Each structure stands twice: as C-alpha cells, then as structure tokens.
Amino acid sequence: TVKVLPPVFSDSAGKKIRSNRWWKDFENEELNSLINLALDKNLSIAQFYARLEQAQAQAVSAGAALIPKVDLTTGASRVRTVTRPGRDSGLPNIANDEKISKTTKNYNVGIVASYELDLWHRVRDGRMASSENVLAAKNNIETVMMTVAANVTLQWLRLIEQNKQLQLLNQQLKINKENLKNIYNRLKKGQATALDVYQQKQAVAQVEARVPLVEVSISLTRHTLNFLLGRPASVELIIKTKELPKLPSTPSLGIPAEIMLLRPDIRASLNRLNAADWQVAAAKADRLPAIRLTGSYTYGNAKTSRLFENWILNLAESLTAPLIDGHRRASEVNRNLALVKERVGAYREKVLIAIKEIEDVRLQERKHREYLVALRKQLKASRDTYNTAWTRYRRGQATYLSTQVALLTVQQFERDELRVCRELVDFRVSLYRALGGTWTNDYLKNRAKAEIMYRNKKRKEDDEK
C-alpha cells in the first residue's frame, strides 16, 4: 500500500453515480451509440485484445513444464553390405572377382518422455508470473476502453460546441452587417462619418475571419471522432444533437483507497509488480539443483509386420546443479530484484497520479462553475453597455467607437460562454474517467459470452453442412 494515501479527498461531496456506464447519465442516445461503436471498432482496443491473447499463450507455455513432455520418434534405415568371397569360398558358380551385396532395412518407432521435478517451484513461479501478466493485459484493455469512451465523449462535446460557435458567428455577422447598413443610411443623412463606416467594416471583417477557423475545427474534430470509431477520416459523420447536455448530479468521490480497486491502470501496475516478485523467486530457484527424469520406449525390427515384437525400455534420471556460469544466474536475481524496486515505484506513482487527477478535475469543475457565473454577469453588463452606447450614438451624444468596442466585447463574451460551458462538461467527463469503475469488466464478460455463443452457433452450422 501507499503510505502517503490520504484518508479522504479534500472535496468528497456528491452523490453516487446513477449508472455504471457514466455516459448514460447524459441521457443522449446518440452518445450511447457512438461509444458502443467505438468499444467494438476502435483499433487501439483491438491491439490490446491481441496483446491479451499473447499473454495468455505465454502463460500456457510457462506452465507446460509442469506436465511431462512426451515425443514420438520414428526412423527407418537401409544398410547395404558388399562382400567378395574369393577362390576358396566353397560357393559354386561364383567367380573369383565377383561381389555379393546384401541390403538390410531397419525400422524403429519410439516414445521419449521427460519431466523436471519442480522441487524449488521454479516452474510454478514462472507460471504465476505469466498469470499476473495476463491479468495486467486484461486491465490494460479496460484502461484503454475507459480512455476511448472518455475521448469519444470529449470529441462529441467539442463538435456540438463548434457547431454552435459557427451558428453564433453567423448570427453575429448578420448583426454586424445590419449595423453597417444602418451606419451607411446615417452617413447619407449626414448623421455619421466615413470613420464610423470603416470601423464597422472592421467589425464585420473580424467576425468573418473567425468563420473558416471554426469550420476547419469542425472538420478536424469529425476526423478525430471517426478515427476513434475505427473509420477513415473522410466518412460522413452527422451529429444531430444541437445543445450541450446538462450536467448530472456530482458523483461521489468515495475514499481514496477505493480508487485502487476501480482504476484498471492501478490494478495493471500491481499485476506487473506481482509478476516481477514471482520472477525473483523463479530466478532464485534457478540457482538450485534440478532433477530431471527421462524415459523412452523403442520398438525396432527389420520387418514392418513384426515391428512391435521387439522393444526396449530405458529409464534415466539426472541431477544438474550450476557450478560455473560467470555469475549469470546471480545477475538475473539481482536484475529481477531491481525490477521489483522499479515497479514498486511505478505502482506508488500510479496511485498518486490517480489521486492528483481526481483532486485537480474536481477543483477545476468547481472553479469553472464560479467562472461561468462571473462570465455571465460580464456578458449581461456588456450587453447593457452596448445598448446604452448604441442609443447615445444614435442621438449624437457619443462617437461610434465606443459602440463598436461594446459590440465586439458582447460578441466575444458570447463565444466565451459557449466554450466555458463545454469545458465544464469536459471536466465532468474527466472526473468520471479519473474515478474509474467496473463497467469495463462487465463489458468484457458480456463480450466473452457473445463470442462463445457465436462459436457454438458457427460450429453447429458447420456440423449441419
């Protein structure tokens, strides 16, 4: 455990999350569909599934030494013997230099078995290390699933906000052009100056310059969202949601000790630490003597029809002990001990990072709420200022410069309000992600059941064919 782990969070107020799948608290079917699609098609998740399969195969290989190894051997040979009898061979009708050849065919088949007595649990410890690596690989999948779900939500929110920004810019552009038209009319009546016209043209151009920037941001966000969904960037992606979702009730942070159970990245770090610990035990056992048993059954005969009539049984055992290895085994023990120290530090760091992320995001959300309240006060005041300035300008009591400044200030605050509202929801998504959860484990179980059902259905269909 991490000794510096605080007993409680600095701000632990809140209610329990209503749904294990936190994004459902936003009550938006479009978001639900996007996340489900990403969890099925995202390429990063697919890679981590493949890594899990690799770890599972390595675990099987590491535990194979606990079972006797049996090999089947077969062989066939052909031997040709050449002799020269000579004059006094006593064999009739054979010349002195004539050769006699004889060919003999031999066949053999056998079984060879070997087994190491795992007296010091070297093989068992290696298998346990591999099992921990399998758990770490599974937790890595859950970590990337949580990351993908959060990133999809963040890009979806950004796309909604950027669409609203574009809509707002078009509205502001319309207002600025109407003001420009009014100033032209006042100029014709001698109630405005050319400077007023140029200043308003500047305001129109300033808003127009923002439009292509927002448009490219919308396209890039669509590309990113398509990438998270495992699709090419050019695929058409239509977001129908027009408004940012309302924030659900603040989730309960619980106690810091619970985070170690709810965060799969922390669990994976602990699995890697345990694996290193088992590797130390295996490396130490490797320095001790090993006893190996071998046995073989060999059958041989010159005729295949009588191949199994002759057989030989051999049993042997051997004791091997390291004598001189240039400190290779001792160095391997030291390396694994250093690896344990490294992973202890990594585990402690993961826990502290998780606590920091929760504290940071919770503070940012709370302060952004305060900032949004203050920003809306500024927006209201700036609108009042603009209305007053415009009235004074029409009456000839002030120059247009003060009106233009007030108008641009209002429009900037309107754009800022949209951005801050989206950032506030972003912080909530980041908080959900930092808190972790158990929904990924449930998802993996359902996926495994679905795969088993699919394989059984496929096997049944193949049998019927």
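Each residue takes its place number in the sequence, starting with 1. Everything quoted here is computed from the prediction, not taken from an experiment.
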Worksheet item: Less than 4.0 Å between a side-chain N and a carboxylate O, is that true for E357 and R263?
Response: yes
Item to complete: Let me see the working for E30 and T241 under side chain to side chain donor-acceptor pair (under 3.5 Å), right down to the final yes or no.
Response: CA-CA 8 Å; E30 183 176 63; T241 306; 2.6 Å; yes
Worksheet item: Taking NZ, NE, NH1 and NH2 as the nitrogens, is one of them in R419 or D416 under 4.0 Å from a carboxylate oxygen of the other?
Response: yes
Fill in: Between CD1 on residue I218 and NE2 on residue H223, distance to nearest 0.5 Å
11.5 Å
Practice prompt. First locate atom CG of L135, then atom CG of N140, and finally report the distance between them rounded to the nearest 0.5 Å.
Written response: 11.0 Å
Discussion item. Counting C-beta onward and ignoring hydrogens, is there a side-chain heavy-atom pair between K138 and R267 closer than 4.5 Å?
Written reply: no
Discussion item. Under the side-chain contact (heavy atoms from CB on, under 4.5 Å) test against W156, which residue among I35, L228, L34 passes?
Written reply: L34
Fill in: Salt-bridge contact K356-E359 (side-chain N to carboxylate O under 4.0 Å)
no
Worksheet item: Can you tell me how far CG of L407 sits from CD1 of I175, rounded to the nearest 0.5 angstrom?
Response: 7.5 Å
Worksheet entry | R447 to Y49, cation-pi by 6.0 Å centre distance and 45° axis angle | yes
Discussion item. Can you confirm whether more than 12 heavy atoms, excluding those of E236, are under 6.0 Å from its CD atom?
Written reply: no
Worksheet entry | V373 side chain near R369 side chain, heavy-atom distance below 4.5 Å | no
Discussion item. With a 4.5 Å cut-off on side-chain heavy atoms, are D25 and Y432 touching?
Written reply: yes
Discussion item. Among K377, R422, R383, R376, exactly one meets salt bridge (Lys or Arg N to Asp or Glu O under 4.0 Å) together with E417. Which residue is that?
Written reply: R376
Worksheet item: Aromatic rings Y386 and W390: how do their planes relate, parallel, tilted or perpendicular, breaks at 30° and 60°?
Response: parallel
